[in-house]
Amino acid sequence: MPSMLTIPPRLPKAQNPDPGASKFCPGCGHGMILKTLASAIDELNLQDRAIYGCDIGCSLLSWNYMNIDTIQAHHGRTTPVIYGITRATPDAVGIAYMGDGGGLAIGAQHLVNAAVRNEKMLVVLVNNTNYGMTGGQMAPTTLPGQVTETTPYGRDVEVTGKPAKGAEMVSAVVDTEAAYVTRGTVNNLRQLKTMMKRGLQNIADGRGFSYVEALSVCPLNWRTNNVDTWDRLDEMEGFFKVGELVVPQGLEGVK
Amino acid sequence: MTKVQEKHQGFEIKGCGKGKATWRLYTQLCKGCGLCLIKCPINKKGKNCLHWSKEVGIYSTPAVEPDPALCIACGTCERLCPDSAIRIDRD
Ligand SMILES: Cc1ncc(C[n+]2csc(CCOP(=O)(O)OP(=O)(O)O)c2C)c(N)n1
Ligand code: SF4
Ligand code: SF4
Ligand code: SF4
């Protein structure tokens, strides 16, 4: 039965077909989120205006994933690198793609200030409740009781506090008339695509800051099989509420 | 420069979606994660539609394939596959 197919795999135009299989582990949520982002860029026809930045962390494995101009920044510094670019190139649709460690730990100050200043950029923050690239240490988003490399007995909230809720934090400081803030999940990629499109359109319109958090899966460091991976994601959705938090006027029509 | 790849290693299962669709799997993309098996709506009903294949993927771990008699060509597996290893087309 192994044969050669003449019909190519179906990839979004904004995704680079040349590298073949991505550099992510089997079943990694980054692949689901990035292909959804690329489809959203296609549907809004933004490939020529888009500039993509990836962080240190597993997100850096996407340095050749997109078929758009790409820059790879230092850990947590993708946000300022991208708004530097969009300030210098106002027509650009700047996208900063990062993990929860990059965005909510080391890069939190950049995220907060970009949100407060209403920088015209989209932050896509992948919440997989750990530091994936470095071997699965506790992240700000690690769930109470979750076992990681650095919380071998489970995260103790008495010692390390409760998990950081990125979308709620950003919502508290943005200009609610201009910013778009939401949380999606790889459990619902149709909804995530609509959210990505709204976030992108908000930038393309020159209105304001967009933040799309995506609940994701990291089967490698979670040490989960396919059943347990989806179950863990359900548990995360119980803690991190999925849905839009701030929607400015003018985006209702973007589906 | 874009490389033009004219042939893609993989296999196809005809006759899905009541005989109206073809389901394709690219073995150089499938990493055998098995996440699609859990989300197939027919599998969720307790039937064995999407299952491990005798063919292997890029890491020599089993790829997946549907039972064409059960597959409704809903596109769920194609949409979620992190590596775009599945492609379904109406004939
Ligand atoms: C300034 C700096 N501090 C620490 C590191 C080490 N480091 C590399 S990746 C990473 C964490 C990545 O986790 P996250 O941002 O959650 O992304 P993921 O890998 O889970 O996608 C850390 C701490 C670094 N590269 N640079
Ligand atoms: S370590 Fe986790 S986040 Fe990183 S590529 Fe592997 S599965 Fe994805
Ligand atoms: S087809 Fe995709 S989702 Fe299914 S096992 Fe292969 S890589 Fe995983
Ligand atoms: S197309 Fe739908 S029914 Fe067919 S194998 Fe994929 S998920 Fe199952």
Side-chain angles (χ1 to χ4, degrees), chain A residues 1-13 15-36 38-39 58 61-62 65 67 126 185-193 214 216-220 222 224-234, chain B residues 1-14 21-40 43-44 50-65 74-91:
Chain A
M1 211 172 27
S3 56
M4 295 305 254
L5 303 174
T6 46
I7 295 177
R10 187 178 281 131
L11 302 182
K13 273 199 304 200
Q15 182 177 336
N16 181 6
D18 293 348
S22 73
K23 296 169 187 63
F24 303 116
C25 306
C28 175
H30 276 295
M32 302 183 212
I33 297 164
L34 285 168
K35 80 173 198 184
T36 305
S39 303
C58 293
L61 300 172
S62 66
Y65 192 99
N67 209 356
V126 177
T185 165
V186 297
N187 242 335
N188 190 344
L189 294 172
R190 265 211 192 111
Q191 178 197 49
L192 185 64
K193 186 163 76 184
S216 184
V217 296
C218 176
L220 183 87
W222 291 359
T224 45
N225 64 15
N226 52 355
V227 177
D228 294 345
T229 299
W230 289 122
D231 286 351
R232 171 80 68 91
L233 183 60
D234 288 341
Chain B
M1 249 197 286
T2 315
K3 278 180 266 165
V4 182
Q5 252 192 308
E6 276 153 4
K7 293 263 168 84
H8 306 266
Q9 248 180 57
F11 57 88
E12 57 186 29
I13 308 283
K14 291 192 179 292
T22 302
W23 186 103
R24 293 184 176 83
L25 187 121
Y26 299 92
T27 48
Q28 289 304 300
L29 295 179
C30 176
K31 295 175 183 166
C33 70
L35 290 182
C36 52
L37 301 178
I38 310 301
K39 292 288 179 182
C40 170
N43 287 15
K44 278 193 173 184
L50 194 56
H51 55 270
W52 295 117
S53 171
K54 288 202 176 71
E55 301 301 328
V56 296
I58 185 165
Y59 297 145
S60 294
T61 50
V64 295
E65 65 178 67
C74 66
T76 302
C77 52
E78 173 179 336
R79 191 173 325 105
L80 80 82
C81 174
D83 290 282
S84 303
I86 298 171
R87 171 176 180 150
I88 304 159
D89 292 277
R90 301 262 153 206
D91 298 329

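Just so it is clear, the structure is predicted and the values come from calculations on it, not from any experiment. Order of the sequence lines sets the chain letters (A, B, ...), proteins ahead of strands, with each chain counted from 1.
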Practice prompt. Mind checking the CG-CD1 spacing from A:Asp231 to B:Ile38? Nearest 0.5 Å is all I need.
Written response: 8.5 Å
Discussion item. Under 4.5 Å from any heavy atom of chain B, what part of A:Pro9 do you find: side chain, backbone, both or neither?
Written reply: both
Fill in: chain A contact via B:Leu37 - side chain, backbone, both or neither, heavy atoms under 4.5 Å
side chain
Discussion item. Under 4.5 Å from any heavy atom of chain A, what part of B:Gln9 do you find: side chain, backbone, both or neither?
Written reply: both
Discussion item. Could you check whether any side-chain heavy atom of B:Lys7 comes within less than 4.5 Å of a side-chain heavy atom of A:Leu5, counting everything from C-beta outward?
Written reply: no
Worksheet entry | B:Lys31 side chain to A:Ser22 backbone, donor-acceptor under 3.5 Å | yes
Worksheet item: What part of B:Thr27 is in contact with chain A, defined as an atom under 4.5 angstrom from a non-hydrogen atom: side chain, backbone, both or neither?
Response: neither
Worksheet, complete the sentence: Closest non-hydrogen atoms of B:Pro82 and A:Gly27, given as atom of the first, atom of the second and distance, are CG-CA, 4.0 Å
Practice prompt. For B:Arg24 and A:Pro8, indicate whether the former's side chain and the latter's backbone hold a donor-acceptor pair under 3.5 Å.
Written response: no
Worksheet entry | Heavy-atom check, side chain of B:Tyr59 versus side chain of A:Pro26, under 4.5 Å | yes
Response to the item:
Interatomic distance, CZ@A:Arg10 vs CD1@B:Ile86, rounded to 0.5 Å, equals 12.0 Å
Fill in: Closest-packed option against chain A by number of heavy-atom pairs under 4.5 Å, given B:Gly32, B:Ser84, B:Ala85
B:Ser84
Worksheet item: Of the non-hydrogen atoms in B:Leu29 and A:Ala21, which two are nearest, and what is the gap between them?
Response: CD2-N, 3.5 Å
Worksheet item: Heavy atoms, side chains only, cut-off 4.5 Å: are A:Thr36 and B:Arg79 in contact?
Response: no
Practice prompt. Please examine the side chains of A:Met4 and B:His8, heavy atoms only from C-beta on, and report whether any two atoms are closer than 4.5 Å.
Written response: no
Worksheet item: Got a donor-acceptor contact below 3.5 angstrom from the B:Lys39 side chain to the A:Trp230 backbone?
Response: no
Worksheet item: Checking B:Leu35 against chain A: side chain, backbone, both or neither under 4.5 Å from a heavy atom?
Response: both
